[in-house]
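A short worksheet on the structure shown next.
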2 protein chains.
Amino acid sequence: MAEGRMKLLGYVSAAAFALVLAACQSSGTAIPPAPEGNTPSPADVIAASKPEEWRTLDPENTLYMDFPNGRVIIEMAPEFSPKHVANVKALSREGFFVNGAVTRVQDNFVTQWAQAADPARPPKVGVEKLNAEFTLPRNAPLQFDVLPDPDTFAPEVGFINGFYAARDKERVWLTHCYGMVGVGRENDENSGGGTELYVVIGQSPRALDRLLTMLGRVVQGMEIMSAFPRGTGEVGFYKTPGEYQHYADIKVASDVPSAQRTNLETMRTDSASFKTLVNSRRWRKDDFYTKPVGRIGLCNITVPVRAAK
Amino acid sequence: MAEGRMKLLGYVSAAAFALVLAACQSSGTAIPPAPEGNTPSPADVIAASKPEEWRTLDPENTLYMDFPNGRVIIEMAPEFSPKHVANVKALSREGFFVNGAVTRVQDNFVTQWAQAADPARPPKVGVEKLNAEFTLPRNAPLQFDVLPDPDTFAPEVGFINGFYAARDKERVWLTHCYGMVGVGRENDENSGGGTELYVVIGQSPRALDRLLTMLGRVVQGMEIMSAFPRGTGEVGFYKTPGEYQHYADIKVASDVPSAQRTNLETMRTDSASFKTLVNSRRWRKDDFYTKPVGRIGLCNITVPVRAAK
């Protein structure tokens, strides 16, 4: 008997579950079938996009972290964490991050960095602790571009101005997708400030959503942040300072001479081209992907970034 | 007006979407509230588990891949890909994998390896191509332990004997979660055989489900497979053989002398302790995770593995 083979983890009855599944799947029926023929590649969509479908990163809200093997660039999200963004800029400007280092790489979770001077210096202008900036009211004046498929963790997911986001009836927040940067803290929700930062590597740990202040996203250099040796100490901390992965500094782009800047632009997530991109990945069909899924997950989407034109 | 701020990517009307969301969310109401107090950690659950809730890995279906910095261990899934598993074993036994190498590391996607002898040797006993083993009929005699929350890509997801899996009304398949190992192929669905293998690193690329033959899962050494330098060639291939990351060989564990084996056991995914583990992560509550989510994604669950007792 089929029932003998199926065992439900958790507490939903099989009947209730089937009902919910059927309802969830009905979202599929509301969506038109796959486009005919092969779907365009991201490169195709980018090539066909218009200049006004891109926005240049604001140097005042962009951070550079220069490692020996390349520059990591972070776009900050002051709409969501204005106090933390301001504090990180203040910390940068007082030299707090000079000769900092990655101190923790926990496989399939996060890479974390901090001021690594030994002994640690307390900040002078910036502060160590700020009140949490986890979520905003749902009615915050931000355009939310909703994705069509069910998400495991939130009622609605999509993009706000290039950032992975989610919302429910009351609140809106940035989500822990690959490449998102958050503010480390201790158990106290108000114990973070920006002296410890982390980026998501591996499968997105969405259970962290709404529990951490999100500072922004990595727009260049994730292949650096994701490939450091994993730490062998507890939760991935390096056991010895000799393992630390040093960067020269964390600088606000606007504080860097023009000639040394990396000027980037990102595709607007409220643009027609981005909608085309999402749909072409959702229904991806080419010589290799022969059976389109017609589904796409929030954290499986990459927002295009390129050199500013 | 709220409508002005909300723009739906794709083609579902907002009303239809809200309806589906409400239905999907009703699965939440069928599930009891968070357990009282803090949830046990995985270590707590493992400590409280019974010996019969674990199974020892079968050396006949286990592969060792020894890198200079450690051993990577793969548990194969002959229930799903019997011909590919048999072929990989034949390839191993004829020495096909000796002095092989990782040749591709595409960030946030896959690490791929292969026989890297230069020039490449054709197999003698094993073969280069087999017919695809992508899915099984849903009524295959395999216990499927279903998870309670909605999944973006499949109607039902859960575990089959320790492997991440999904099914619909007709078919059942293994899914591309972090650490899952698949069989590389060309565009032809029947062009893979096991002479090229890959493992998922980064956010799970679930759009690959049902398009590739899955060989098994990494049960030890993911921190090695995920931390190689990313390739700078097309789709992450290393541009020069000098960049290749060599392993000594890929050996079937049963072909390795007992004294050199790594004997592992894995928690049975049909056990009460695994159910407790999933539920404790789903409702995770402790001094840091203060607001339980009551949701968990398939690829966010790690199946415990430990030294065999």
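Naming convention: chains lettered A, B, ... in sequence-line order (proteins, then strands); numbering from 1 in each chain. For the numbers below, each heavy atom of this structure counts, side chains included, while hydrogens, waters and symmetry mates do not.
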Show the numbers, then the answer: is there a side-chain contact (heavy atoms from CB on, under 4.5 Å) between A:F153 and B:D149? CA-CA 8 Å; A:F153 294 92; B:D149 298 308; over 6 Å; no

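- Donor-acceptor pairing under 3.5 Å is recorded for the side chains of A:D107 and B:Y178.
- Residues A:K291 and B:F134 are in side-chain contact: their nearest non-hydrogen atoms beyond the backbone lie under 4.5 Å apart.
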B:N187 and A:Y289: CA distance, side-chain angles, deciding distance, side-chain contact (heavy atoms from CB on, under 4.5 Å) verdict: CA-CA 8 Å; B:N187 286 339; A:Y289 288 77; over 6 Å; no

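- To the nearest 0.5 Å, atom CZ of residue A:R210 and atom OG1 of residue B:T290 are 11.0 Å apart.
- At a 4.5 Å heavy-atom cutoff, B:T276 makes no contact with chain A through either its backbone or its side chain.
- Nearest approach of A:A227 to B:P229, heavy atoms of both residues: CB-CA, 4.5 Å.
- B:R185 touches chain A through backbone and side chain together, each having a heavy atom under 4.5 Å away.
- For B:E186, the part sitting under 4.5 Å from any heavy atom of chain A is the backbone (N, CA, C, O) and nothing else.
- Of the two parts of B:I224, neither the backbone nor the side chain holds a non-hydrogen atom closer than 4.5 Å to a non-hydrogen atom of chain A.
- For a residue to count as touching a neighbouring chain, one of its non-hydrogen atoms must lie under 4.5 Å from one of that chain's; by this rule B:I201 does not touch chain A.
- Between the side chain of A:Q203 and the backbone N or O of B:S204 there is at least one donor-acceptor pair closer than 3.5 Å.
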Audit row: A:M222, B:N108, side-chain contact (heavy atoms from CB on, under 4.5 Å) steps and yes/no: CA-CA 9 Å; A:M222 264 313 289; B:N108 194 21; over 6 Å; no

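- Put simply, the side chain of B:T152 never gets that close to the backbone of A:G297: no donor and acceptor are under 3.5 Å apart.
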